[in-house]
Amino acid sequence: MKKVFTLLAVLSIAIFSFSQKKTTTSTSKAVTGKQPINAKQTVTTSKSATSKTSNSKKPVASTKPDNSGEGHNITLTLTPAKNQKAYLACYYGKGKAIIDSCVLDDKCVGHFKGNEKLIGGIYFVVSQAYSIQFELLIGDVQKFSVVADTTAKDKFVITGSPDNDLFKVYSKKSTEYGIALKKIADKLKDAKTKEDTTAIRKEYKLKNEELNKYRDELVAQNSNTLLAALLTAMKIPETPEPKDTSIAASNEVYRYVREHYFDDVVFADARLLRTPFFEPKIDDYFKYYISIEADSIIPEVKYMLLSARESKEMYAYLLTKFTNKYLSPEYMGQDKVFVHLFTDYYLKGDTVLLDAKSRKTIIDRGYSLMLNPIGGIAGALDLTDSTGKVISMYSLKSKYTVVAYWSPTCGHCRQEMPSLDSMYKAKWKTIDVKVYSIISKDDELHEMKKFLKEKNFTKDWYYTYETKEAREATEKAGVPNFRQAYDLNKTPIFYLLDADKRILLKNVTISQMDDFITRRTKAGK
């Protein structure tokens, strides 16, 4: 069977030797609309952002393609789709976006035409049934023709486009290398001895070096083309051989890759957004080369936003990406990154125009998270217990305090709270842990009492809620309520505080709290 290489697959062959990880990307048949960024005003960068120093060489690609004047006019002949719609779409980060359309006439001919030049990148033609037909490059020359057939998608012909002419030559050569490399790699399955394996790896390395040399020569000879820009932006630094087997030598290799990871990436080049590899490359960088601690992440985010500031679209995209990622982070404590974005970008106005819903979400979450950082002093809790008595959380004297925010009508809470009760009775009670329980609504008081009795909960806890009068008084005073102070936007939520009421853990599971307490106890803390 003949193997058909897509544009992305062929480009990916070029970076095989640059990465330790093998990544495969498939092309989805579904095409979604462009993500709204609302970039309606000039974007500037926070003055607090700092540039990243590097002794890397300058990228060979042109950073500012000419998008003025001539516009675009791409003639499409797509048989046998007469009198049907066709779409021109592009990659947009991890998604896809339709950016133009035309109606094919009775000869199956149509035009993607406009007064503005398109931003360069990897585009594709989509049929009326939203099926991707083929991919193509759109560079500086945007007046050309394409002839294609929906029944033979790999047989399309592009005329008048130097970018696609160059890619056609490159794809043929790189496909040959890709097949050769695969054949060599397949030999490893049949290797009988260590010597066989060593010989095969050497053969593979030589063939890979041959491919790299071909690619480097192509980039050098066509330095201002879109293909050169894509090839240089995709690559990961080749991992140098460690000097020895020591941990120090291994760390030196790791640092080298990290420091040179973005040598050939121009963050202000909006063309990179119109590729499927730019955003995954950023994600891999944070996943494999940057520590999960917020203090390690923040300088990287600042550098990328500062570097992208000349492109309104790229700046807006990255700011939106990082905001969404760290608004609900994967690891505890990373919400500090979102707080940094909130205080250094959103509050200073160095950002795109947000819609009303997004603005409210960011402002509410920003102010809430500012009030409860890991290591910070927990907010005061002076709530009413089931007997009508006001209980101050700060009046509890204990080595640890667990703040549990829950609802007796929440299915998840009805599973978690008995587990918390069991953990307290079995272990925590004897090591000076106290629990300050808060139900989410004052009208749940009856349900809470019923649930506690049914499950035979301990009477050692403090079961509290906010009265209607207390809530109205807080609102009238215009001060943050306890829900804002603890970022209580769902149920259940658990906090673990130390003896001084500093936040040790937040938004964690019961087992995570127990593991933490157990480790500290064993360490004599």
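For A249, the side chain to side chain contact (heavy atoms under 4.5 Å, CB included) partners at least two apart in sequence or on another chain are P242, D244, S246. Listed by chain and number, the residues in a side chain to side chain contact (heavy atoms under 4.5 Å, CB included) with T323 are L319, F338, L341, Y346, I362 (sequence neighbours excluded). Applying the salt bridge (Lys or Arg N to Asp or Glu O under 4.0 Å) test to K360 and every residue at least two apart in sequence or in another chain returns D364. D106 pairs by the salt bridge (Lys or Arg N to Asp or Glu O under 4.0 Å) definition with nothing, not counting sequence neighbours. Applying the salt bridge (Lys or Arg N to Asp or Glu O under 4.0 Å) test to D105 and every residue at least two apart in sequence or in another chain returns nothing. Scored by the salt bridge (Lys or Arg N to Asp or Glu O under 4.0 Å) test, D100 finds no partners at all (sequence neighbours excluded).
Evaluated for a ring pair (Phe, Tyr, Trp, His ring centres under 6.0 Å) with F124, the options Y91, F134, Y87, F112 yield exactly one hit, Y91. Paired with D335 under the rule side-chain contact (heavy atoms from CB on, under 4.5 Å), one option of L327, I374, L369, N507 passes, and it is L369.
Rounded to the nearest 0.5 Å, atoms CG (L227) and CD1 (I122) are 9.5 Å apart. Residue R483 holds its CZ atom at 11.0 Å from CD1 of I493, rounded to the nearest 0.5 Å. Distance check: L137 CG to I158 CD1 gives 7.5 Å after rounding to the nearest 0.5 Å. To the nearest 0.5 Å, atom CG of residue L118 and atom CD1 of residue I99 are 5.0 Å apart. Distance check, rounded to the nearest 0.5 Å: NZ of K476 to OG1 of T474 gives 12.0 Å. With rounding to the nearest 0.5 Å, the separation of CG in L273 from CE in M314 is 4.0 Å.
A cation-pi arrangement is absent between K321 and Y326 under the rule of less than 6.0 angstrom and at most 45 degrees off the ring axis.
Ring geometry for Y170 versus Y214: interplanar angle under 30°, hence parallel rather than tilted (30 to 60°).
Looking at heavy atoms from C-beta onward, K155 lies out of side-chain contact with D149 at the 4.5 angstrom threshold. Contact check for N83 versus L104: no side-chain heavy atoms found under the 4.5 Å cut-off. Between F286 and E300 there is a side-chain heavy-atom pair separated by less than 4.5 Å. Using a 4.5 Å cut-off on side-chain heavy atoms (C-beta onward), I98 and V126 make no contact. Looking only at side-chain heavy atoms (C-beta outward), Y123 and L88 come within less than 4.5 Å of each other. Here the side chains of V146 and I74 are in contact, with some heavy-atom distance below 4.5 Å. With a 4.5 Å cut-off on side-chain heavy atoms, M332 and Q512 do not count as touching. Using a 4.5 Å heavy-atom threshold, the side chains of I184 and I200 count as touching.
Here the shortest heavy-atom pairing between L218 and L166 reads CD1-CD1, 4.3 Å. Smallest separation of non-hydrogen atoms from M304 and L318: O-CD1, 4.0 Å. Scanning both residues, L181 and Y204, for their nearest heavy atoms gives O-CE1, 3.4 Å. Closest approach of K348 to T343, counting heavy atoms only: CG-O, 3.6 Å. Of all heavy-atom pairs between A86 and L76, the closest is CB-CD2, 3.8 Å. Across all non-hydrogen atoms, the minimal contact from Y317 to G93 is OH-CA, 3.1 Å.
K325 places no side-chain N or O within donor-acceptor distance of the main-chain N or O of T320, the cut-off being under 3.5 Å. Side chain of S311 to backbone of A308: no donor-acceptor contact under 3.5 angstrom is found. Of the possible donor and acceptor atoms, one in the side chain of N372 sits under 3.5 Å from a partner among the backbone N and O of S368. Side-chain N or O atoms of S358 include none that pairs as donor or acceptor with a backbone N or O of D355 at under 3.5 Å. For E310 (side chain) and S307 (main-chain N/O), no donor-acceptor pair under 3.5 Å exists by modelled atom type. Under a 3.5 Å cut-off, the side chain of S223 and the backbone N or O of V219 do not form any donor-acceptor pair. Using a distance-only test at 3.5 Å, with no hydrogens or angles considered, a donor-acceptor pair links the side chain of K117 to the main chain of D140. In this structure a side-chain-to-backbone donor-acceptor pair under 3.5 Å is present from R309 to L306. Although no hydrogens or angles enter the test, the distance criterion places no donor-acceptor pair under 3.5 Å between the side chain of Q84 and the main chain of Q128. Side-chain atoms of Q334 come within 3.5 Å of backbone N or O of I292 as a donor-acceptor pair.
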- Message: Between F262 and F267, does the ring-ring contact (aromatic ring centres under 6.0 Å, His included) criterion hold? Intermediate values first, please.
- Response: CA-CA 9 Å; F262 291 116; F267 282 98; 5.2 Å; yes
- Check the pair D264, K235 against salt bridge (charged side-chain N to carboxylate O under 4.0 Å, His left out), reporting the backbone distance first and the verdict last. CA-CA 8 Å; D264 297 295; K235 69 180 182 181; 3.6 Å; yes
- Query: Yes or no on side-chain contact (heavy atoms from CB on, under 4.5 Å) for N115 and H72, after CA distance, side-chain angles and deciding distance?
  - Reply: CA-CA 7 Å; N115 295 326; H72 66 278; over 6 Å; no
- Query: Between N164 and S161, does a side-chain hydrogen bond (donor to acceptor under 3.5 Å, both in side chains) hold up when you go through it step by step?
  - Reply: CA-CA 5 Å; N164 285 287; S161 170; 2.8 Å; yes
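Taking the ring centroids of F494 and Y405, they lie at or beyond the 6.0 Å cut-off.
Using a 4.0 Å cut-off between charged side-chain N and carboxylate O, D186 and K182 make a salt bridge. A salt bridge links E176 with K172: the distance from a Lys NZ or Arg NE/NH1/NH2 to an Asp or Glu carboxylate oxygen falls below 4.0 Å. At a threshold of 4.0 Å, the pair R274-E313 counts as salt-bridged, since one of the basic side-chain nitrogens sits closer than that to a carboxylate oxygen. The pair D295-K336 counts as a salt bridge, with a side-chain nitrogen and a carboxylate oxygen less than 4.0 angstrom apart.
Few gaps surround CD on E217; more than 12 heavy atoms of other groups in view lie less than 6.0 Å from it. Around atom CZ of R201, no more than 12 heavy atoms belonging to other residues, nucleotides or ligands sit under 6.0 Å away. Residue-environment remark: OH (Y331) stays at or below the threshold of 12 foreign heavy atoms within 6.0 Å.
Side-chain contact annotation: D487 with N489, donor-acceptor N/O pair under 3.5 Å present. Donor-acceptor pairing under 3.5 Å is recorded for the side chains of S131 and K153. A donor atom on one side chain and an acceptor atom on the other are found under 3.5 Å apart for Y177 and E210.
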